[in-house]
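Below is one structure, written out as structure tokens; the observations come after it.
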Amino acid sequence: MGGRLRRVAADTSVPVPGSQWTVGEAAAHLAQANELMADLAAGRERGYGDGTPQSLAAANERALAAFGERAAEPLAGMIVAHADACLTAADGAGAGAGAGSVVTPLGPMSRAVLVSYLLTHMLGHGYDLARALGRRHMVDRERVALSLPFLMTAMPRVTDAATAAGFTARYTIRLWGGARFGVTFTDGTVTVTPRPPARPDCTIAIEPVTFFLMALGRIDPHGAMARGRVLAWGRRPWLAPRFPALFTAP
């Protein structure tokens, strides 16, 4: 991703579609976020909001305001270097005393899930940068599979409490040609399990890249359903359109 940014983004003032950021600001955010995750993987505590979308957005804006770099060449180098540092620190923790959970902007998680978080975050903003620059994005079936540990961990933490209040239902999520997992709501409280529920109310089968982009709020769920990228069946199939609205994209 860093190399691609370096090659094609001479003008980083180009706006990112659907965002208030320019290419330079989005790349600067990626560089800062990768540095944050490298620090967390190395066991260094870093505060960054309280996990709510509002606090994370505010923390992002404060961080960008205090960081002036917007040029492609140095930012690309930082993105790659900090990502490598995160992977090295996570690998170095191994199974020893340093392998426990770390506290991230979205709550505690293992270092393995943190690395999945790093990838998911880079792919999401990489998708934005690719659109802004007219380039092919890097989200594919294999990378979506690597993002699942983070996405499944994050789902209970990004549930929209107001929308989910009082809601009870059992979902099976099936990625085409890939993983299956369960999402159960019990009076508004959500539990995500690696095994689907025995008797789901609604099974949602979804193309993997579509699932990823919907989960990160990059595409409209209704458009994806209209294009046949999402299918649903079960005892209560009408619950499928409600599912995306139960979460706020991280």
Side-chain angles (χ1 to χ4, degrees), residues 1-41 46 48-49 51 53-87 104-106 113-140 142-144 146-151 153-154 158 208-220 247-250:
M1 185 178 299
R4 182 174 299 183
L5 176 67
R6 183 184 296 114
R7 290 194 302 272
V8 304
D11 179 8
T12 61
S13 66
V14 175
V16 173
S19 170
Q20 296 181 342
W21 285 347
T22 64
V23 165
E25 289 166 335
H29 167 68
L30 263 179
Q32 291 181 306
N34 285 11
E35 182 180 27
L36 169 67
M37 294 193 194
D39 283 346
L40 296 178
R46 292 273 306 270
Y48 204 88
Q54 297 82 1
S55 73
L56 293 176
N60 289 340
E61 293 306 325
R62 287 193 300 270
L64 281 175
F67 180 67
E69 186 60 74
R70 297 292 184 269
E73 184 84 19
L75 288 173
M78 292 177 202
I79 290 168
V80 173
H82 293 319
D84 286 345
C86 181
L87 295 175
T104 79
L106 285 173
V113 175
L114 176 68
V115 170
S116 179
Y117 186 2
L118 171 77
L119 174 65
T120 303
H121 188 259
M122 290 183 68
L123 287 175
H125 287 292
Y127 174 82
D128 298 337
L129 291 171
R131 291 183 65 211
L133 298 170
R135 297 286 169 153
R136 183 179 178 85
H137 65 76
M138 299 175 68
V139 185
D140 59 22
E142 290 74 20
R143 293 185 176 103
V144 170
L146 294 172
S147 77
L148 281 180
F150 166 69
L151 292 175
T153 297
V158 298
V209 173
T210 301
F211 167 78
F212 180 90
L213 295 176
M214 282 176 56
L216 269 63
R218 264 47 180 199
I219 61 173
D220 175 56
F247 304 95
T248 301

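Both backbone and side-chain heavy atoms feed into the values below; hydrogens, waters and symmetry mates do not. This structure is a prediction, so every number in the text was calculated from the model and none was measured.
- Side-chain contact between Val209 and His137: present, with at least one pair of heavy atoms (C-beta onward) separated by less than 4.5 Å.
- Of all non-hydrogen atoms in Ala83 and Met122, the two that sit nearest each other are CB-SD, 4.1 Å.
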_As a quick check of understanding, evaluate side-chain contact (heavy atoms from CB on, under 4.5 Å) for Tyr48 and Asn60, giving each step before the final call._
CA-CA 8 Å; Tyr48 204 88; Asn60 289 340; 2.6 Å; yes

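- Considering all non-hydrogen atoms of both residues, His82 and Ala38 come closest at O-CB, 3.6 Å.
- How far CG of Leu216 is from CZ of Phe211: 9.5 Å, rounded to the nearest 0.5 Å.
- Under the 3.5 Å distance criterion, the side-chain polar atoms of Glu25 are left unmatched by any main-chain donor or acceptor of Leu64.
- Residue Leu148 holds its CG atom at 10.5 Å from CG of Leu119, rounded to the nearest 0.5 Å.
- Residues Pro105 and Leu36 form a side-chain contact, since some pair of their non-hydrogen atoms from C-beta on lies under 4.5 Å apart.
- Residue Gly49 comes nearest to Ala59 through the heavy atom pair N-CB, 4.2 Å, listed as atom of the first residue, atom of the second, then distance.
- One finds the CG atom of Leu118 at 6.0 Å from the CG atom of Leu87 (value rounded to the nearest 0.5 Å).
- Ring orientation note: the planes of His29 and Trp21 are tilted relative to one another, at an angle of 30° to 60°.
- Put simply, the side chain of Tyr117 does not reach to within 4.5 Å of the side chain of Pro149, judged on heavy atoms.
- Under a 3.5 Å cut-off, the side chain of Glu61 and the backbone N or O of Ala58 do not form any donor-acceptor pair.
- Considering only heavy atoms from C-beta on, His121 comes within 4.5 Å of Met37 through its side chain.
- Side chain of Thr12 to backbone of Ala71: no donor-acceptor contact under 3.5 angstrom is found.
- In this structure, Leu151 CG and Thr120 OG1 are separated by 4.5 Å, a value rounded to the nearest 0.5 Å.
- Using a 4.0 Å cut-off between a side-chain N of Lys or Arg and a carboxylate O of Asp or Glu, Arg143 and Asp140 qualify as a salt bridge.
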*Carefully, step by step, assess Leu30 and Leu129 under the rule side-chain contact (heavy atoms from CB on, under 4.5 Å).*
CA-CA 11 Å; Leu30 263 179; Leu129 291 171; 4.1 Å; yes

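- Using a 4.5 Å heavy-atom cutoff, the side chains of Ile219 and Tyr127 are in contact.
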*Decide yes or no on side-chain contact (heavy atoms from CB on, under 4.5 Å) for Thr22 and Val16, but give the supporting numbers first.*
CA-CA 5 Å; Thr22 64; Val16 173; 5.8 Å; no

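- Looking at every heavy atom in both residues, Ala249 comes nearest to Gly217 through CB-N, 3.7 Å.
- With hydrogens and angles disregarded, no donor-acceptor distance shorter than 3.5 Å links the side chain of Arg218 to the backbone of Ala215.
- Across Ala41 and Cys86, no two heavy atoms sit closer than the pair CB-O, 3.7 Å.
- Between Asp11 and Val14 there is a side-chain heavy-atom pair separated by less than 4.5 Å.
- A donor-acceptor pair under 3.5 Å is formed between the side chain of Ser116 and the backbone N or O of Phe150.
- Listed here is the closest heavy atom pair of Leu75 and Ala27: CD1-CB, 3.8 Å.
- A donor-acceptor pair under 3.5 Å links the side-chain atoms of Asn34 to the main chain of Ile79, judged by distance alone.
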